[in-house]
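Each chain gets a letter, A, B and so on, in the order the sequences are listed, and its residues count up from 1. Since the structure is predicted, the reported quantities are computational estimates derived from the model, not experimental observations.
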Amino acid sequence: MPIILKDGSVYEVSSGTTWADVAAGLSRKLGKEAVAAKVDGELVDLLAPVRPEAKVEFLTFADEEGQTVYRHTSSHILAQAVKRLFPEAKLAIGPAIADGFYYDFDVDHPFTPEDLAAIEEEMKKIIKADYPLIRKEVSHEEAIALFQEMGEDYKVELIRDLPDDAQVSIYQQGEFVDLCLGPHLPSTGRVGVVKLLSVAGAYWRGSEQNKMLQRIYGTSFPKKKNLDEYLALLEEAKRRDHRKLGKELDLFGIAEEGPGFPFFYPKGMIIRTELENYWRAEHRKHGYLEIKSPVILSRELWERSGHWDHYKENMYFLKIDEQDYAVKPMNCPGAMIYYKTRTHSYREFPLRIAELGLVHRHERSGVLHGLMRVRCFTQDDAHIFMLPEQITDEIMGVMDLIDNFYNTFGFSYRVELSTKPEKAMGSDEIWETATNALIEALQIKGIPYQLNEGDGAFYGPKIDFHLKDSLGRSWQCGTIQLDFVNPENFDLTYISDDGTKKRPVMIHRVVFGSIERFLGILTEHYGGAFPLWLAPVQVKVITVASRHVDYAASVAQQLELEGIRVEIDDRNERVGYKIREGELEKVPYLLVLGDQEVESGMVRVRKRGAGDQGSASLAEFVANLKEEIEQKK
RNA sequence: GCUGAUGUAGCUCAGCGGUAGAGCAGCUCACUCGUAAUGAGCAGGUCGUCGGUUCGAAUCCGACCAUCAGCUCCA
């Protein structure tokens with residue numbers, strides 16, 4: 001019978017062969033590396049019999065879907081190992097995730113690191129035994145009976161949620177049987193190396209109402225080399241952890257006295273201020289006006305904005321002279337008040353009102369994480385008021401602005417568009433107009449995006465920007481959100497060209513998202529080695545011996561006059577010692593000044609991470625610095 | 001908030017029933033030195049907080065606080 005390969009060619013096979021046979025027939029390498037078949041667009045086990053005239057493509061670990069299959073089988077091996085060592089453990093679910101897999105178990109005994117090691121050993125035995133993974137289809141009824149008999153209550157619950165007439169697929173490997181949609185690797189021996197990484201609590205079905213289970217995380221790769229690379233990446237991430245670097249480089253920190261309320265130390269403040277300066281300069285250039293609204297505002301305002309009803313759990317309240325007040329969790333109501341201080345004409349539009357607004361939100365104690373998740377942070381907010389027909393152009397403008405910012409830091413990014421959710425305010429027409437405006441902007445700019453149907457805010461559709469840092473991790477930062485609710489709630493109007501009062505369209509947008517989080521991301525992205533324009537200390541002047549102190553001081557002073565952030569290290573220490581310290585502090589340039597320099601009136605330049613760069617005149621050095629600062633490289 | 005782990009000097013960590021230790025950093029002194037750690041000395045802690053067990057608690061138990069890995073929730 002004929003089947004059609006990926007390249008369109010026709011391949012003859014006899015009936016009764018499996019996809020695995022086909023793969024092996026095509027090439028020895030493919031036979032070994034194929035993890036699943038994609039038949040007419042559907043993922044299928046390699047052990048499944050071939051379907052005539054089907055179009056087939058073989059997936060390997062190199063394909064994202066192939067990786068998922070690979071890790072999914074790995075999670076079954078984990079479950080099998082756990083059942084061998086802890087027969088009383090009940091199985092919940094065990095999917096593949098981005099860099100590995102997990103499996104949830106209900107056991108009273110808390111898994112220890114020693115348990116993990118033992119489980120990992122057992123997994124290796126299962127891989128070595130090379131059990132085939134056999135798929136069976138059983139009726140709904142049979143499946144329930146089977147898993148009930150095994151005491152797998154969670155599996156029974158899962159099956160009960162499937163329609164009564166559904167066929168249920170189960171997979172068997174050795175003595176182990178699991179409910180599973182598949183597909184799977186043909187046998188456990190196809191998994192190369194496995195590594196269990198951690199154990200943590202996780203709620204059954206992700207709901208706090210349910211029992212907490214124990215989740216074991218792990219990963220697997222075809223070769224040990226791949227695993228080692230992955231583990232090295234995890235190590236690198238640990239080295240770059242902004243909490244660690246923040247402490248080491250004396251940038252910021254969080255005191256026990258204020259969980260979730262970060263302190264910025266002098267060096268961190270410099271970076272922060274540079275970011276804000278850059279932000280202000282760019283926004284001024286793009287026609288934004290800046291305001292600052294107060295941190296505390298009355299209850300009445302928050303009731304009108306809807307926050308009192310919908311956001312209460314996340315807000316801090318206080319009483320002033322018997323009146324209720326709240327600390328702002330968002331900046332929009334402040335912007336609304338500003339808008340309403342006078343009447344507006346359509347001629348002013350788009351009216352771009354920016355605010356670096358400090359907001360406070362109550363976050364549950366367990367979610368706090370350095371600067372990434374805090375209880376007070378500064379949003380680089382802006383609210384733009386405009387005519388409906390200005391939406392597309394304005395969105396494009398904001399997208400350009402965001403693109404510009406992210407490029408400056410060397411971030412690539414991807415974009416997601418979220419549309420109308422179930423419970424939403426505003427008419428279908430306005431949603432459609434607004435969503436189309438967003439799509440149009442994305443299309444004109446030629447930016448590919450992922451569509452999240454129904455994921456928009458209740459007040460409007462949005463575009464989110466997820467940037468990718470130097471370690472390939474993704475962070476949600478920028479967002480552009482259309483808002484139909486606030487203009488309504490606050491009865492915003494403008495005088496239209498026909499002299500009548502009309503309702504403006506409004507967008508919220510942030511570029512950094514939160515300055516605190518962005519600084520955390522930058523710290524990890526650069527591994528603490530900030531580019532010159534951001535570096536807290538740009539140049540450190542090092543003396544060779546005490547007789548060079550005067551010259552060093554005059555060099556430092558001249559640099560300071562040029563607006564360079566300079567420190568001088570004239571301690572009676574060895575040059576090597578002071579250089580080591582400067583490198584560890586990640587200062588971009590060190591100037592080593594000794595007899596030669598005093599005589600020639602030059603400076604000896606050492607570049608961070610690159611070593612001695614030779615001599616230069618101070619003027620030349622300064623010109624280079626200024627150029628590098630200007631270019632923000 | 002939930003599950004598990006952790007909390008000892010400014011930092012990194014050892015000690016785990018008999019009155020607290022190291023390295024680095026700091027300070028003092030000597031060395032005046034050319035591209036990633038000179039040597040010697042000094043000082044520094046109510047061992048997260050509160051309570052309990054014990055003749056005796058950093059060590060065992062409990063509560064609380066904070067941190068970490070996740071879950072849930074989010075910029």
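Set against B/A36, B/A75, B/C65, the side chain of A/E256 has B/C65 as its closest nucleotide. Each of B/A75, B/G1, B/U67 was ranked by its minimum atom distance to the side chain of A/L368; first place goes to B/U67. In the set B/A36, B/U72, B/C73, B/C73 carries the atom at the smallest distance from any side-chain atom of A/R373. For A/Y577, whose side chain is taken as the heavy atoms from C-beta onward, the closest listed nucleotide among B/G26, B/U67, B/A66 is B/G26. Nearest nucleotide to the A/Y217 side chain, out of B/A37, B/A75, B/G70: B/G70. Checking B/G34, B/C33, B/C74 against every side-chain atom of A/N572, the shortest atom distance belongs to B/C33. Checked against B/U67, B/C33, B/U72, the side chain of A/P259 finds its nearest nucleotide in B/U67. Of the candidate nucleotides B/C71, B/G70, B/G26, B/G26 has the atom nearest to the side chain of A/R571. Nearest to the side chain of A/V367, among B/G34, B/C73, B/U38, sits B/C73. Closest contact between the side chain of A/R547 and the listed nucleotides B/A36, B/U32, B/U72 involves B/U32.
Residue A/V374 is classed as a base contact, given a heavy-atom separation below 4.0 Å to a base. Residue contacts for A/G611: at a heavy-atom cut-off of 4.0 Å it reaches no nucleic acid atom on any strand shown. If you check every strand for non-hydrogen atoms under 4.0 Å, A/E573 touches a base.
Contact check, A/R243 against B/A69: a side-chain N or O comes under 4.0 Å of OP1 or OP2. Side-chain N/O atoms of A/H369 include one lying less than 4.0 angstrom from OP1 or OP2 on B/A69. Look at A/K247 and you'll find a side-chain N or O under 4.0 angstrom from OP1 or OP2 of B/U12. Under 4.0 angstrom from either OP1 or OP2 of B/G1 there lies at least one side-chain N or O belonging to A/S365. Residue A/Y102 places no side-chain N or O under 4.0 Å from the OP1 or OP2 atom of B/C71.
Side-chain contact, A/N314 with A/H362: no donor N or O sits under 3.5 Å from an acceptor N or O.
Note: A/Y154 and A/W204 have perpendicular aromatic rings, judged against thresholds of 30 and 60 degrees for the angle between ring planes.
Remark: the separation of the C1' atoms in B/C65 and B/C31 is 49 Å, to the nearest Å.
Across every strand in view, B/C33 sits unpaired, with no contact that passes the Watson-Crick or G-U test at under 3.5 angstrom. Here B/G17 sits opposite no nucleotide as a Watson-Crick or G-U wobble pair (both hydrogen-bonding atom distances under 3.5 Å). B/U49: Watson-Crick or G-U partner is B/A63, with both key distances under 3.5 Å. Pair check for B/A58 finds none; no Watson-Crick or G-U wobble contact set falls under 3.5 Å. Using the Watson-Crick or G-U wobble rule with both distances under 3.5 Å, B/G23 pairs with B/C11. Across all strands shown, B/G1 is found opposite B/C71 as a Watson-Crick or G-U wobble partner, with both distances under 3.5 Å.
Looking at A/R215 and A/D104, a side-chain N of the basic residue comes within less than 4.0 Å of a carboxylate O on the acidic one, giving a salt bridge.
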